[in-house]
Amino acid sequence: DTKVSETEVKSSEREEVTVIVRFIVNDLMQRRPDLNTVRTASQKNTDRVLKDLAGENLAELQQQDPEIGPIVKLRLERKERPSIDELQLASESTKILWNQWYRLVVHDGVVYRILFKSNGEPSQLQLLTPRVLREKVITESDGGMTGGHMGVAKTCDQVQRRAYWLGWRMDTVRFCK
C-alpha cells in the first residue's frame, strides 16, 4: 500500500523545516562579524574622533543623552536584546535603535554601531554620538587635514565613517549649507 499517513507527512515536513532552520542559523553564525577585525579596520577613524573629543567622558555623555541614553544603558547592562514590551513607554528614537540592537557593540564602556559594506561585510565602528557632541563631530569631519571646507558629499562620508545618530545625514547637510 503506497498511502502515507498524515503523521508521517507532518513528521517529514518538520524534519525538512528543521534542516532549513539549522542551515540558516549556521549561515548567520558564519556571517557574524569578527569585532576584532572591525575594530582594527576602523580604529584610525575612531581614534581620530576620540582624540578630537579628548577630555569628554563619552560613556557618561552617551548615558546622559535623552535620545540615545536609554538604549545605551540597556546595551551596557545586557547582551541579549530586551523584548519590545519593555520599551512601551520609550521614545521613538529608542525603539528605532532597539531595532539595530545587534549592530550596537560595547568597547571600553562606549557604545558603537557596526557599519556594513554594500556586500554585507562589517567595515568599521561608528561612535553612537550624543547630541552635545554632534556639531563637534561634523566640524572635525568637515575640516579635513587642511582645515578647509570639503563640501557636502565628502563631509557626509567622513561623518559616516566616524559617527552615527538618527538624522546624521540631514544634520551634516544642514551644517554644510
### Task
List the steps, then state whether side chain to side chain contact (heavy atoms under 4.5 Å, CB included) holds for Leu125 with Ile114.
CA-CA 5 Å; Leu125 298 177; Ile114 300 171; 3.8 Å; yes

Side-chain heavy-atom pair [X], [Y] within 4.5 angstrom cut-off:
X      : Y      : answer
Trp101 : Arg78  : yes
Leu76  : Gln63  : yes
Arg103 : Tyr164 : no
Glu67  : Leu97  : no
Leu58  : Asp108 : no
Ile68  : Ser93  : no

### Task
For the pair Leu104 and Ile71, evaluate side chain to side chain contact (heavy atoms under 4.5 Å, CB included) and give the outcome as yes or no after the intermediate values.
CA-CA 10 Å; Leu104 303 178; Ile71 204 73; 4.3 Å; yes

### Task
State whether Trp98 and Arg81 meet the cation-pi test: NZ (Lys) or CZ (Arg) under 6.0 Å from the six-membered ring centroid, and within 45° of the perpendicular axis.
yes

#### Entry: Pairing of Arg174 and Asp171 as salt bridge, 4.0 angstrom limit
yes

Which value, rounded to the nearest 0.5 Å, describes the distance between [X] atom [atom1] and [Y] atom [atom2]?
X      : Y      : atom1 : atom2 : value
Asp65  : Lys73  : CG    : NZ    : 10.0 Å
Arg161 : Gln158 : CZ    : CD    : 5.0 Å
Gln160 : Ser141 : CD    : OG    : 11.0 Å
Trp165 : Leu127 : CH2   : CG    : 9.5 Å
Arg131 : Gln64  : CZ    : CD    : 15.0 Å
Phe116 : Glu121 : CZ    : CD    : 9.0 Å

### Query
What closest approach, in Å, do Cys176 and Gly151 show between heavy atoms, and which atom pair accounts for it?
SG-O, 4.3 Å

### Task
Write down the atom of Gly109, the atom of Ala59, and the distance for their closest heavy-atom approach.
O-CB, 3.2 Å

### Task
Apply the side chain to side chain contact (heavy atoms under 4.5 Å, CB included) test between Gln62 and each candidate in Leu133, Val110, Thr129; give the one that qualifies.
Val110

### Task
Give a yes or no on this: more than 12 heavy atoms of other residues, nucleotides or ligands lie within 6.0 Å of atom NZ of Lys95.
yes

### Query
In terms of heavy-atom contacts, does CD of Glu135 have more than 12 from other residues, nucleotides or ligands at under 6.0 Å?
no

### Task
Just do the side chain to side chain contact (heavy atoms under 4.5 Å, CB included) check on Thr139 and Phe175 with the steps written out, would you?
CA-CA 8 Å; Thr139 302; Phe175 176 87; 3.5 Å; yes

### Query
Is Leu74 reachable from Leu89 through a run of I, L, V, M, F, W or Y residues, each pair having side-chain heavy atoms under 4.5 Å apart?
no

